[in-house]
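Notes for the one structure printed next.
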Amino acid sequence: MDSLKNRTLLKVIVLGDSGVGKTSLMNQYVYKKFNKQYKATIGADFVTKELHIDEKSVTLQIWDTAGQERFQSLGSAFYRGADCCVLVYDVNNLKSFETLNNWHTEFLKQANPMEPDTFPFVLIGNKTDVDGGNSRVVSNKRAIEWCGSKGNILYHETSAKEDTNVDEAFLGVAHIALANE
Ligand code: GTP
Ligand code: MG
């Protein structure tokens with residue numbers, strides 16, 4: 001049995017434009033399921049995943065949020081105490097990349113962390129499978145440059161549909177959140 005001191009709860013908040021695949025990423029990661037039917041998230045909900053990292057039992061509590069403005073109803077109390085913020089965009093959708101600045105700023109404003117300059121963010125570029133990569137409009141290089149411009153944001157590219165890199169991305173999230181905890 002794990003002793004209490006070896007148990008850690010990490011709160012992760014996932015943000016990004018509507019339709020980029022936030023819910024799909026979480027469903028693939030936790031339930032190994034993908035649904036091609038779009039169903040907008042309303043408000044926010046969480047899933048949990050148990051992990052073992054460095055001999056610690058870690059519970060990753062991942063909060064999925066609504067990208068559609070009319071379904072956003074989260075007060076700043078919701079963001080407080082977050083250990084990591086995951087920003088998601090769609091590599092085939094330029095607007096979803098351009099609005100990352102807004103999501104980043106909004107998170108820092110709402111969560112108001114002690115050290116905003118070093119708060120851990122992870123960026124995920126999703127839907128790398130679409131059209132075999134041919135409809136992609138944001139390059140890997142451009143995304144990495146954006147991460148550098150904000151400090152040191154870790155970057156992962158995923159396909160929630162094909163289950164490419166999804167485990168790796170969330171494991172990266174868990175590590176960085178744990179380091180900040
Ligand atoms: P909101 O809840 O409105 O904020 O959207 P969301 O970011 O949660 O998007 P969601 O996961 O609902 O996915 C939107 C649509 O994109 C759905 O039809 C998904 O099936 C599809 N989708 C998600 N991820 C992928 C992917 O990696 N590849 C492809 N081809 N489609 C994806
Ligand atoms: Mg959703």
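In listed order, ligands and their atoms are each counted from 1.
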Just need the protein heavy atom nearest to [atom], so name the residue and atom and give the distance.
atom                    : value
atom 27 (O) of ligand 1 : A160 N, 2.9 Å
atom 15 (C) of ligand 1 : K127 NZ, 4.0 Å
atom 13 (O) of ligand 1 : S24 OG, 3.5 Å
atom 20 (O) of ligand 1 : N35 O, 2.8 Å
atom 5 (O) of ligand 1  : G19 N, 2.9 Å
atom 18 (O) of ligand 1 : K36 O, 2.9 Å

Close N or O approach ([X], ligand 1; < 3.5 Å):
X   : result
F34 : no
Q68 : no
K22 : yes
G67 : yes
A66 : no
Y38 : yes
G21 : yes

### Task
Determine, considering heavy atoms only, which of D129, T128, T158 sits nearest to atom 26 (C) of ligand 1.
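When every heavy atom of D129, T128, T158 is considered, D129 comes closest to atom 26 (C) of ligand 1.
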### Query
Knowing that exactly one of V86, N152, I176, V12 qualifies, which makes a side chain to side chain contact (heavy atoms under 4.5 Å, CB included) with P120?
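For P120, the side chain to side chain contact (heavy atoms under 4.5 Å, CB included) check succeeds only for I176.
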### Query
Looking at the Mg ion (ligand 2), is one of the N, O or S atoms of T65 less than 2.8 Å from it?
no
### Query
Quick one: does NZ or CZ of K49 land under 6.0 Å from the six-membered ring centre of Y29, within 45 degrees of the ring axis?
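Output yes; distance and angle both within limits.
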### Query
Do K11 and F78 meet the cation-pi criteria used here (NZ or CZ under 6.0 Å from the six-membered ring centre, within 45° of the axis)?
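Flagged: K11 positioned over aromatic ring of F78.
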### Query
Nearest 0.5 Å, what's the CD1-CH2 distance between I13 and W63?
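Going from CD1 on I13 over to CH2 on W63, the span is 8.5 Å.
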### Query
Hey, what do you get for OG1 (T99) to CD (E106), rounding to the nearest 0.5 Å?
12.0 Å
### Query
Is the CD atom of E69 crowded by more than 12 outside heavy atoms at less than 6.0 Å?
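Open: at most 12 neighbouring heavy atoms sit under 6.0 Å from CD of E69.
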### Message
Is it the case that over 12 heavy atoms from other parts of the model lie below 6.0 angstrom from the NZ atom of K161?
### Response
no
### Task
Any chance you could lay out the side-chain hydrogen bond (donor to acceptor under 3.5 Å, both in side chains) test for N126 and T158, step after step, and finish with the verdict?
CA-CA 5 Å; N126 187 42; T158 58; 2.9 Å; yes
### Message
Before moving on, can you tell me the angle at the Mg ion (ligand 2) between the OG1 atom of T41 and the OG1 atom of T23, to the nearest 10 degrees?
### Response
80°
### Query
Side chain, backbone, both or neither: which part of D17 comes within less than 4.0 Å of ligand 1 when only heavy atoms are counted?
backbone
### Task
Measure V130 to ligand 1 on non-hydrogen atoms and call it side chain, backbone, both or neither using the 4.0 Å cut-off.
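Answer for V130: side chain.
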